[in-house]
S.K.: 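Have a look at the structure that comes next, please.
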Amino acid sequence: MSDSSTNDEDEQRIFFMQMAGMAITALVAATVVYASPLYDKTPYHTSALSGADWVLELIDGHAERIHCGLGVHKHVFQALIAYLQNIGCSHS
């Protein structure tokens, strides 16, 4: 009888090791999926322009590009510029 109980214990250990191995594999895979964007970076802003030239390019470009770049639509940005000029702010 001790052989069958030892055999059952061995099977339980093997089963436990297999489950632990699968859990570790799942954990490692989830970590890789989560962390890969943090390490494999692709430049987003690749324009050669900066400052005022970049803003002018956004204003003169596609209507959705300014929304993507600044988070507001063109008419909202232009209203903000007009408001700032009305209260006395000038070009920096």
S.K.: Within a reach of under 6.0 Å around CE of Met17, are more than 12 heavy atoms found that belong to other residues, nucleotides or ligands?
M.R.: no
S.K.: With side chains defined as the heavy atoms from C-beta onward, is the minimum distance between Gln12 and Phe16 less than 4.5 Å?
M.R.: no
S.K.: Transitively linked via ILVMFWY side-chain contacts under 4.5 Å: Leu84 with Leu56?
M.R.: no
S.K.: Give, for atom OG1 of Thr6 and atom CD of Glu11, the distance between the pair rounded to the nearest 0.5 Å.
M.R.: 11.5 Å
S.K.: Would you say the side chain of Leu80 lies within less than 4.5 Å of the side chain of Val72, judging by non-hydrogen atoms?
M.R.: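 A side-chain contact is absent here, since even the closest heavy-atom pair is not under 4.5 Å.
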S.K.: Would Leu70 and Leu58 count as a side chain to side chain contact (heavy atoms under 4.5 Å, CB included) here? Give the steps.
M.R.: CA-CA 9 Å; Leu70 300 179; Leu58 287 178; 3.9 Å; yes
S.K.: How many angstroms lie between NZ in Lys74 and CG in Asp60, if you round to the nearest 0.5 Å?
M.R.: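 Between atom NZ of Lys74 and atom CG of Asp60 there are 6.5 Å.
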S.K.: Mind checking whether Ile81 and Trp54 sit in one hydrophobic cluster, side chains of I, L, V, M, F, W, Y counted as touching below 4.5 Å?
M.R.: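 Yes, because Ile81 and Trp54 connect within a single hydrophobic cluster, where side-chain heavy atoms sit under 4.5 Å apart.
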S.K.: Assess whether side chain to side chain contact (heavy atoms under 4.5 Å, CB included) is satisfied between Phe15 and Met19, documenting all intermediate values.
M.R.: CA-CA 6 Å; Phe15 178 75; Met19 290 297 116; 3.8 Å; yes
S.K.: As an exercise, state the distance from NE2 of His75 to CD of Gln78, rounded to the nearest 0.5 Å.
M.R.: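 The distance works out to 9.5 Å.
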